[in-house]
Colleague: 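Encoded as structure tokens, here's the structure I'll be asking about.
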2 protein chains.
Amino acid sequence: MPIERRPLREQIRDELLRKLDRGDFAAGTDINEVALASELGVSRTPLREALITLAGEGVLESNQGRGFRFAPVSRKEFRELCEIVGALESLALQLSDAGYLRRLGPKLLRLARDFPDQVAEQQEIERHDDEWHDLLLSGCPNERLLDLITSVKAGMRRYAHLQAGDDAPLEREAAEHCRIAEALVEGDLPAATAALRDNWVNGMERMMSRLTE
Amino acid sequence: MPIERRPLREQIRDELLRKLDRGDFAAGTDINEVALASELGVSRTPLREALITLAGEGVLESNQGRGFRFAPVSRKEFRELCEIVGALESLALQLSDAGYLRRLGPKLLRLARDFPDQVAEQQEIERHDDEWHDLLLSGCPNERLLDLITSVKAGMRRYAHLQAGDDAPLEREAAEHCRIAEALVEGDLPAATAALRDNWVNGMERMMSRLTE
DNA sequence: ATGTAATATTTTGTATTCATAGTGCAGAAT
DNA sequence: ATTCTGCACTATGAATACAAAATATTACAT
């Protein structure tokens, strides 16, 4: 097994996203490069490289002379991101091999039913949801599309921890996953795609209703 | 008029894309950072920042210890990019205000008919085509989506100069633009969206047939 | 007390330096 | 003859140093 060797900037990027998931950063706050670099135990150079990458993904924004800061959240942007990811995931599903999806159906259905119960950590729920979607799209041959989806989703992470721990939405999310999986089991790709699109639209509205702002 | 003050990395990025359009870089070739930096008259730091941005957009790829290089072109990737941009532009059109599009229709139609003739520079044709699409999407309220389209299209620039100067495809491109514009004039958004999608599929095939590879 | 100008401090943007990984070649061992 | 090893060289990855811009502070005038 080859030992993992990745550029520092990528490791830093991942670590920053983890911290973001944990809610360590408040949206809209400036980033102090020297402070963050010393906190992470790296120099400013690879840190800035990671920040630039994240800015390209929309997680951060940069202003001349003012450095980087976490892009402020807004209902408008969240809606925009949901529209985009909904369309991209739908496309990915459409491009997937029908036979593969059919075989995948039962597993997706099982996972959807085993959705973590309400007592689980918010982060755990998020992770499970992400993995389910990743598996759903695992048959898509368009690699660039999958990369792009990952990148856009990174920009959505700022919204994840804003979700209040509510119960009903969770069950509806699971129910929608079941609907998608069932359509796949039946080999009805258009229905699955439509259900997936609904899932994003509804997910957006569920979230919106809980974003006090 | 305030004088333009942008980070060096962005100016460098733009300049590199310009050079790419001019065909200054062969796909698949490694980038020598010191050489390129001195050629541009900047230091390696902002250059590397620009390279990292371009890598995030898929224009370049980076390998640990081996630096950056222009991502090699392939029929597969080109098809993937067309699929993505087609879906994104369709979404952008769907989200646009119907009334605005209707008002825009005549202008789009006029521009489509005034498509530059065959003797024009390849670059000129590209620019005109880009501007036409930009105008088509100018009514889309989803700003993130427009940014994303721009970013993905940056990754397609590597393919632009591979097009041989052929005549027939150009006329078909113009004809398709007319179809889209006509649908908008009639206020038939679904037809326009479908025509736009066709435009990307056909454009892809036109290009594919000319990519010898 | 408040507003403004001058100055000090902090922070970012860019350049330079240093360390280490990658590459190619020469020569020895098989 | 071929392959492996060691060494020199080159290029990248990361750290540090410097310059410029933005922000904070203080002194002064009103």
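Each chain gets a letter, A, B and so on, in the order its sequence line appears, and its residues count up from 1.
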Colleague: Name all residues meeting the side-chain contact (heavy atoms from CB on, under 4.5 Å) criterion together with B:E77; count only those two or more places apart in sequence or in a different chain, and write none if there are none.
Modeller: A:R144, B:S74, B:L81, B:R158, B:Y159
Colleague: Only counting residues at least two apart or in another chain, list the ones meeting salt bridge (Lys or Arg N to Asp or Glu O under 4.0 Å) with A:E205.
Modeller: none
Colleague: According to ring pair (Phe, Tyr, Trp, His ring centres under 6.0 Å), does anything in residues 9-31 of chain B pair up with another residue at least two apart or in another chain? List the pairs.
Modeller: B:F25-B:F70
Colleague: Examine the side chains of A:H177 and A:E173 and answer whether a donor and an acceptor come within less than 3.5 Å of each other.
Modeller: yes
Colleague: Give A:R6 one of three labels, base, sugar-phosphate or nothing, depending on what nucleic acid heavy atoms sit under 4.0 Å from its own.
Modeller: nothing
Colleague: Which pairs with one or both residues in residues 35-55 of chain A pass salt bridge (charged side-chain N to carboxylate O under 4.0 Å, His left out), sequence neighbours excluded?
Modeller: A:R9-A:E49, A:K19-A:E39, A:E33-A:R44, A:E33-A:R48, A:R48-B:E49, A:E49-B:R48
Colleague: Specify the residues of residues 56-70 of chain B, ordered by number, for which at least one heavy atom lies under 4.0 angstrom from an atom of DNA chain C.
Modeller: B:G65, B:R66
Colleague: Taking salt bridge (Lys or Arg N to Asp or Glu O under 4.0 Å) as the test, write out the residues that go with A:R110, two or more places apart.
Modeller: none
Colleague: Can you tell whether the side chains of A:E83 and A:R79 come within less than 4.0 Å, N to carboxylate O?
Modeller: no
Colleague: So, does A:R5 get its side chain near the phosphate of C:dG22, meaning an N or O under 4.0 Å from OP1 or OP2?
Modeller: yes
Colleague: Any salt bridge linking B:E10 with B:R13? Criterion: basic side-chain nitrogen under 4.0 Å from a carboxylate oxygen.
Modeller: no
Colleague: Can you list the residues that meet the salt bridge (Lys or Arg N to Asp or Glu O under 4.0 Å) rule with A:R102, with sequence neighbours excluded?
Modeller: none
Colleague: For a 4.0 angstrom threshold against heavy atoms of chain A, report the outermost contacting nucleotides of DNA chain D in 5' to 3' order.
Modeller: D:dA14 to D:dT23
Colleague: Work out which heavy atom in B:N199 is nearest to a heavy atom in B:R206; give both atom names and the distance.
Modeller: ND2-NH2, 3.9 Å
Colleague: Shorter than 3.5 Å, N or O on both sides, protein versus nucleotides 7-9 of chain C: list them out with atom names.
Modeller:
none

Colleague: Report the residues that fulfil salt bridge (Lys or Arg N to Asp or Glu O under 4.0 Å) with A:R157, sequence neighbours left out, ordered by chain and then residue number.
Modeller: A:D21
Colleague: List for me each residue that meets side-chain contact (heavy atoms from CB on, under 4.5 Å) alongside A:S43, sequence neighbours excluded, and say none if there are none.
Modeller: A:T45, A:P46
Colleague: Going by number, which of residues 32-49 of chain A have a non-hydrogen atom under 4.0 Å from DNA chain C?
Modeller: A:N32, A:E33, A:R44, A:R48
Colleague: Between the side chains of A:E131 and A:R127, is the shortest nitrogen-to-carboxylate-oxygen separation below 4.0 Å, so that they form an ion pair?
Modeller: yes
